Each structure stands twice: as C-alpha cells, then as structure tokens.
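Data first, discussion second: the structure below is written as structure tokens.
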Amino acid sequence: MRRSKLVVNCQPLIIPHLQKEVEDLGYRILRKDRTGLTVEGGWKEVMHLNMNLRSASKVLWLIKSFEANSPDALYKEAKKIPWHKLIPKDGFISIQSFVKNDHILDTRFANLKLKDAIVDKMQEENGFRPDSGKERDRTVLYLYWYLNKVYVYFDTSGETISKHGYRKIPFKAPMLESLASACLTAADWNDQKGTFINPMCGSGTLAIEAALMAAGIPPGWKRKNFGFMHINGYDPSLWKEEVAKVEPNLKIKSTIIASDWNGDALKAAEANAKLAGVNHIINFERCSFEKTFVPSGKGVVMLNPEYGERLGDEGPLQQVYSEIGDFFKQSCKGKVGYIFTGNLSLAKKIGLRPKRRIEFMNAKIDCRLLEYELYEGSRKK
Ligand SMILES: C[S@@+](CC[C@H](N)C(=O)[O-])C[C@H]1O[C@@H](n2cnc3c(N)ncnc32)[C@H](O)[C@@H]1O
C-alpha cells in the first residue's frame, strides 16, 4: 500500500476532542466530517495512529475512490483493484460499510458485491478464493458509498480501537474507553493539572484512562492484533519500532483517586487497572462519594453517576444529584468539577451553574459533560 488518505473515525460528537488529539500528535487535518478526520499517511502513520489514539474508533486507509451508480458498476470498478497484491493469498476478509443511495436498499448487498469483486479477482490471479465472514481479526475492509461516490478502505484497526483492552470486568453501565478518554481531553486534564478524582468510579474507566495518559502508556501498546497486520507489505519490524518508542513512566506527578461504595465495582476497577498496568498509581477507596478524600490544591473531580435510563429510576437519583452539588460546594473548592450525565433535568438538582456544557453521546443517549468551576471562597473575592 502506498501513501494515501487516512480517515480517523470516532463516535458521534467526539470529533472536536479527537481533532485535538490528532493535532497534538503532529498531523495536519485535511478534512473534518461529523465522525471522521482525514489526514495523509502510509505504513508509519497507520501504525502510529493505531498505537496512540485514545478517542478514535478506527483508522481507515483509502485504497481507491470511484463513481458507481449500480451494484454492477461497483463490482466492475472494485474488480479493477489489484487485490491479489494487497491481501494475503490465504487470507480471510471481512467487510463493513456505510451506504446511502438509491441503488442499494440493503447494505449487505453492497458488501456482497465488494466481496465478490475481491474474491473473483483473487481467484483469477491466485487460483483460489479467500474466505470471508464477520470476524474482524484479519483483513478488514470498509466501503463508503454515498450517492454515486464510492470509497474503498482497509480498516487498519480491525477490531475497534475504541476499546483499550483492559476492561475484562465491566460492572454496571461502563463508559466506552474512547468516550472516557474524550471526556479527559475535553476537561483538558493531564499529568501537569493536579489531582484527578473519580468518585462513583464503577469499573474505573475514567481513572484508568487518566492514569494511562499520565504514565504515557498508549492504548495500542499491549495489543497483539490489528487489521494492518493482515495487509500485504506489513513489516513487523516497523511495528516493533513503534512499540519500542513507548517509555511508560509510572512516577507520575499527579495523584489519581478512584472510589465507589460498591465492593464489586472496586474489585472490577482494581482488576482492570492491573490489566492496564496502572493499579499502583491509582488510589482506590471504598466509600460513599461524599467521603472520597479530596487533597488540597488544583485538580479535577469527575463523576459519572447513574442517570436513570428506565422509567421510575429518576426519583431517588434527584437526591443523589443534589448531594453531589453539596459535595462539590463543600469539599472540592479550588477544583474543576465535572458530571457526565444523560439526564439534564437530574443535572439541574446539582444546584450550581455549569460553566460549560460539552455535548456527547453514550450509545444512543444524548449526554453532557457539565463543567463547574468550584471557587475557593466566594466568586467576587
Ligand atoms: C454509571 S456507574 C459508573 C460507571 C463508570 N464510569 C465506568 O466506566 O465503569 C455509577 C457508579 O456509581 C456508584 N454509586 C452510586 N451511588 C453511589 C454513592 N452514593 N457513593 C459511591 N458510589 C456510588 C455505583 O456503585 C456505580 O458503580
């Protein structure tokens, strides 16, 4: 594969935070869409992005773009691609797509047409057809077909990179790792910014993401399989170099605290942190959120309370949100407080005026990360 357009994809509304990440990694953004950023690159960049991106879900590598106004035209154009040079001879392919046009009613049919073009071409050139199926652990392709414009990509991530590999015990309603990481970027937290406190930590995602960031451990470091490893031309020594660049530093400047009143949640959080290699730099406490130890000085307090997705859940939660407001006012002076919630009427019970309301989606729920400046003394002073 030669240098080409790379599209970094993310969940809806993560784009501004992903943009910051991509720019901080030194890339120039050529195009920005609702859920994707386009940069340019080849093998090195594909590996670098898959290794380092915390809030992305996949990295696509453009193979070819063309026009097609029917399934047969898609097949014909796609079959011109030298698939036998790109995909391992004894390979296995999996195809995903986004299709929006009048030529196709069922995206599965578009996938089938692309698959036929690939396997027919490989049959002609190699003498046999690769297998295909849903498993994303080998060569993964992504078809984007909007009106008449077709883009065919390798999904160089394979399995999504929005999961960071450490959460083996999920506990209740865990945040997706890429979402938790985007919340930290949105809060502009890093190891220089003081304490990170995560009461109601559940399975620990926010605290673990903070610890990984502080220790300079990228999410791809321990991962053994990516889609790009199943594209012809993959050079394992290049990936080895990328892995060797990582120099974790567990002597972090900040203090990271995670607490939950539920013993099973804490057990899950500690086990997950251990798997991520950061259990020694997180202070775990079993306690009700308002009893969480809050060191003096600057820092961030971030909570993701339950937000009552089922009818009737909201009543008892009103009290919880109002107590979170008291906790902020009484115990967290000098910090910046954040609540991640999918219920804005519950958030009103906090009784403080948010300085920023940062939009997110969690699964299909409209959410906000609400930011509260928790002044020492009165604001006038
Ligand atoms: C939505 S979950 C947090 C999920 C977490 N962000 C994750 O990624 O796993 C909310 C957590 O708050 C905890 N919790 C609820 N009420 C609490 C309270 N009063 N004190 C401490 N923890 C509480 C629950 O045990 C649960 O683990």
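Both counts, for ligands and for their atoms, begin at 1 and track the order of listing. Being a predicted model, the structure only gives us computed values, none of them experimental.
Comparing L303, N262, D260 by heavy-atom distance to atom 11 (C) of ligand 1, the nearest is D260. Taking all heavy atoms of W261, Y307, F289 into account, the minimum distance to atom 23 (C) of ligand 1 is reached by W261.
For the pair R286 and F284, the cation-pi criterion (under 6.0 Å, within 45° of the ring axis) is not fulfilled. Judged by the 6.0 Å distance and 45° axis criteria, K113 is positioned over the aromatic ring of Y75.
The one candidate from W43, F228, F154 that meets the ring pair (Phe, Tyr, Trp, His ring centres under 6.0 Å) condition with W61 is W43. Considering K222, E209, R223 in turn, E209 is the only one that fulfils the side chain to side chain contact (heavy atoms under 4.5 Å, CB included) rule with H164.
Here's the thing with K172: none of its N/O atoms is less than 3.5 angstrom from an N/O atom of ligand 1. Residue M175 has at least one nitrogen or oxygen atom sitting less than 3.5 Å from a nitrogen or oxygen atom of ligand 1, judged on distance alone. Checked against a 3.5 angstrom limit, the closest N/O atoms of R167 and ligand 1 fall outside it.
Counting atoms of ligand 1 from 1 in the listed order, those under 4.0 Å from a heavy atom of F171 are 27 (O). Near S203, the atoms of ligand 1 lying under 4.0 angstrom from a non-hydrogen atom of the residue are 7 (C), 8 (O), 9 (O). Those atoms of ligand 1 with a heavy atom of G202 less than 4.0 angstrom away are 9 (O), 27 (O).
Ring geometry, Y142 versus Y153: the interplanar angle falls from 30° to 60°, so the pair is classed tilted.
Neither the backbone nor the side chain of S259 has a heavy atom within less than 4.0 Å of ligand 1.
Among all protein heavy atoms, the one lying closest to atom 12 (O) of ligand 1 is M200 CB, 3.3 Å.
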Trace of the ring-ring contact (aromatic ring centres under 6.0 Å, His included) decision for F327 with F289: CA-CA 8 Å; F327 168 64; F289 72 87; 5.7 Å; yes
Check the pair I169 / K267 against side chain to side chain contact (heavy atoms under 4.5 Å, CB included), numbers first and verdict last. CA-CA 9 Å; I169 311 179; K267 256 191 226 156; over 6 Å; no
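Ligand 1 is approached by C201 to a heavy-atom distance shorter than 4.0 Å. Heavy-atom separations between A268 and ligand 1 are all 4.0 Å or longer.
N362 places no side-chain N or O within 3.5 Å of a backbone atom of I365 that could act as its donor or acceptor partner.
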